[in-house]
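What follows is one structure encoded as structure tokens, with my remarks underneath.
Note on naming: letters A, B, ... go to the chains in the order of the sequence lines (proteins, then strands), and numbering restarts at 1 for each one. This is a predicted model, so every value here is computed, not measured.
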2 protein chains.
Amino acid sequence: MTGVKPTMSDVARTAGVSAMTVSNVLTGRRHVSPATRSRVEQAAAALGYELNLTARHLRAGRTDTVALVVPHFDHPYFGELAARLAALLAAEDRHLVVEQTGASREAELAAVSQARWQLYDGVLLSVVGMSAADLDDLHTSVPLVLLGEQEMPARYDHVRMDNVAGARLATAHLLATGSRRIAVVGGADPDPASGMKPARTLGWTLAHADAGTDPAPELLVRAPADLTSGRDAVRRLVADGIEFDAVFAVTDTLATGVLAGLAEAGVRVPDDVQVIGFDNLASSEFTVPALSTVDPGHERMVTEALRLLDAVARGPAGGADGGTGAREHVISPARLVHRATARAR
Amino acid sequence: MTGVKPTMSDVARTAGVSAMTVSNVLTGRRHVSPATRSRVEQAAAALGYELNLTARHLRAGRTDTVALVVPHFDHPYFGELAARLAALLAAEDRHLVVEQTGASREAELAAVSQARWQLYDGVLLSVVGMSAADLDDLHTSVPLVLLGEQEMPARYDHVRMDNVAGARLATAHLLATGSRRIAVVGGADPDPASGMKPARTLGWTLAHADAGTDPAPELLVRAPADLTSGRDAVRRLVADGIEFDAVFAVTDTLATGVLAGLAEAGVRVPDDVQVIGFDNLASSEFTVPALSTVDPGHERMVTEALRLLDAVARGPAGGADGGTGAREHVISPARLVHRATARAR
DNA sequence: GGCGGCGAGTTTATCGATAAACTGGCGCCG
DNA sequence: CGGCGCCAGTTTATCGATAAACTCGCCGCC
């Protein structure tokens with residue numbers, strides 16, 4: 001036990017060959033005679049040799065690794081996204097690693113400026129805290145595809161869901177099944193461009209307009225998108241004596257909190273209050289009652305994201321501003337998933 | 001737009017200094033006169049220079065990055081674990097990246113043999129598929145701490161929860177509150193050493209022994225630890241006409257599925273059937289009714305894991321077998337969390 | 001006046017793997 | 001018999017950043 005990590009030259013020396021030959025044996029990139037090959041393999045095994053990928057990457061200029069940069073590790077949406085991406089990448093011998101920014105604008109900017117993702121062949125960045133302007137003075141030569149629900153600079157490829165249409169679909173269903181006072185939990189000032197909440201709130205507004213109504217302003221309930229806030233939103237509505245016969249929660253996470261709040265208040269779902277969420281998380285099938293929700297076309301999103309990433313990587317220079325690479329803005333279509341928290345049409 | 005990434009020498013040339021000076025400016029490791037400093041900074045900005053971390057890492061032999069290797073990205077337990085670790089590491093300017101193995105023994109072994117984690121200063125490996133024997137012929141010079149619920153080779157540091165005691169606590173509570181036929185969903189042949197399920201099943205058995213009873217064998221319900229399996233387990237129990245007045249689910253995920261199954265069967269919780277889970281996931285507070293569960297001491301586990309990792313990293317040679325490094329086996333104590341799916345004592 | 005020391009930079013060597021160019025020997029063909 | 005090409009392997013140069021050793025000019029002190 002030497003205590004120091006053996007290098008390729010160490011292996012070469014004990015096998016009585018050159019380092020290059022060791023490399024050839026290990027990568028299989030060139031022919032090596034069986035005799036030499038086995039000598040090398042034995043030497044490598046004897047020394048407990050392990051390839052240094054850092055060195056290979058420096059030389060090769062590639063890492064065969066894609067990073068997914070998300071605001072939070074512990075939000076199920078990102079976990080599911082990561083799992084889907086990893087499956088696709090693994091099929092072509094590439095790797096996925098997941099990093100976390102922390103969701104604040106500052107943290108995201110820091111994550112960027114740290115030049116950390118020079119370590120990867122490509123980066124999928126889930127944006128929530130940064131504005132389009134922030135992204136605009138982002139300079140990185142790494143192929144970058146944005147995921148997220150805000151309007152983004154045209155200079156980057158961008159994949160998102162059809163938030164407005166999905167929310168409209170959900171709200172329209174609630175209206176069609178008899179609800180008249182539909183609270184939007186996690187709502188924001190309606191706007192198709194400035195983020196997930198504004199877009200989904202816009203869908204809620206538009207569905208009302210389609211039906212020739214106008215939602216009451218007190219039914220727009222602002223809330224951060226977490227479980228606690230969903231429950232608290234219901235508590236507040238109840239405490240304030242605001243009548244409602246349905247909830248459109250802008251995420252499934254919020255919807256799950258809402259269901260908890262409704263149960264606590266003794267409200268029957270869907271008889272007294274219908275609920276529809278958005279995201280179609282794996283867990284949403286298992287709430288009590290099972291959550292009706294909007295499926296944002298997960299599979300479509302991940303395949304598109306990787307397609308774009310590869311296009312940029314192959315494209316001209318992959319540079320931050322130059323080039324006429326892909327630069328597509330893809331919108332994945334949404335679809336209503338009927339379960340038990342809303343009545344059938 | 002040159003199209004090629006500028007290097008430190010490029011910056012040096014346009015600033016009229018040496019590459020070393022550029023390095024000194026950028027790292028701030030040595031004094032550089034203000035005049036030179038600003039020339040370098042301008043040159044770097046003008047060229048859009050970005051540090052190549054791969055090269056730095058090769059030279060430095062460190063990456064300031066710790067990897068968490070988990071079986072599945074999309075299991076909430078690992079997401080929460082990652083978030084906690086990331087928070088601790090960020091406090092000391094280190095990074096966490098998460099990688100996925102895929103949970104099969106083969107995939108975990110492949111992940112290992114790929115020498116990928118030479119890229120990190122340390123690795124936290126969540127083991128589920130590999131046996132102690134597999135780990136035994138694992139040779140890696142990277143500081144490694146194991147997380148997971150099986151018995152592990154003494155040669156590695158290992159952090160786990162107190163599965164047996166936690167399960168015993170949960171089951172004892174169910175017995176104390178009047179339940180007599182307690183199904184264990186996700187059960188396995190009782191054994192403290194061979195994995196999470198056997199250990200937790202053992203706790204269930206021991207609690208019965210403590211109370212002077214013996215659980216009926218048909219109440220041991222085997223199931224993979226996912227939502228669907230939890231619901232299916234209940235469906236099976238009901239279909240088979242097996243009587244039960246409580247469920248101890250070996251994970252909160254299973255418990256959530258169980259609650260869905262009970263709701264579907266029209267069973268009242270906790271009046272007809274009490275339920276307790278294990279893991280205390282963030283979402284468990286928001287099931288309907290709110291899930292009583294066992295908290296495995298999350299914070300304790302992550303601080304211990306990092307402490308051990310740092311100890312190994314500093315320890316003698318960090319070698320795979322040599323050295324008398326830390327090599328501790330830490331067991332984090334479990335604690336019962338009372339909520340609504342079980343009656344108060 | 002001479003010399004130690006310091007400040008600001010530069011030069012050189014190195015981390016470990018590998019692409020590209022090179023060497024030497026052998027077989028085969030005309 | 002001369003030469004071409006190939007095989008198996010070696011040598012050299014390189015990826016980009018940086019530690020360590022070195023240079024050079026200037027100041028202050030004895």
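A distance of 4.5 Å separates OG1 of A:T14 from CG of A:L47, quoted to the nearest 0.5 Å.
Shown here are the ring-ring contact (aromatic ring centres under 6.0 Å, His included) partners of A:F78, two or more places apart in sequence or in another chain: A:H75. Considering only residues two or more places apart in sequence or on other chains, B:Y77 meets the ring-ring contact (aromatic ring centres under 6.0 Å, His included) condition with none of them. For B:H158, the ring-ring contact (aromatic ring centres under 6.0 Å, His included) test picks out B:H329, with sequence neighbours left out. Taking the ring-ring contact (aromatic ring centres under 6.0 Å, His included) definition, one finds that B:H298 meets it with nothing, sequence neighbours left out. With sequence neighbours left out, the salt bridge (Lys or Arg N to Asp or Glu O under 4.0 Å) criterion links B:D10 to B:R13. For the side chain to side chain donor-acceptor pair (under 3.5 Å) test, no residue two or more places apart in sequence or in another chain qualifies with B:S332. Not a single salt bridge (Lys or Arg N to Asp or Glu O under 4.0 Å) links A:R59 to another residue, sequence neighbours left out.
Applying the salt bridge (charged side-chain N to carboxylate O under 4.0 Å, His left out) test to residues at least two apart or on different chains, the pairs with a partner in residues 139-151 of chain A are A:E151-A:R160. Applying the salt bridge (charged side-chain N to carboxylate O under 4.0 Å, His left out) definition to pairs two or more places apart or across chains, those involving residues 30-50 of chain B are B:R37-B:E41.
For the helix from C:dG1-D:dC30 to C:dG30-D:dC1, the end axes, each set by the C1' atoms of five terminal pairs, are bent relative to each other by 60° (nearest 10°).
Protein atom CG of B:L119 is 13 Å distant from nucleotide atom C1' of C:dA17, rounded to whole Å.
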Fill in: nucleotides 5-12 of chain D: protein proximity per nucleotide (B base, S sugar-phosphate only, - neither; heavy atom, under 4.0 Å)
---SBBB-

Between the protein and nucleotides 13-16 of chain C, list the N/O to N/O atom pairs that are separated by less than 3.5 angstrom.
residue	atom	partner	partner atom	Å
C:dT14	O2	B:R59	NH1	3.1
C:dG16	N2	A:A55	O	3.4

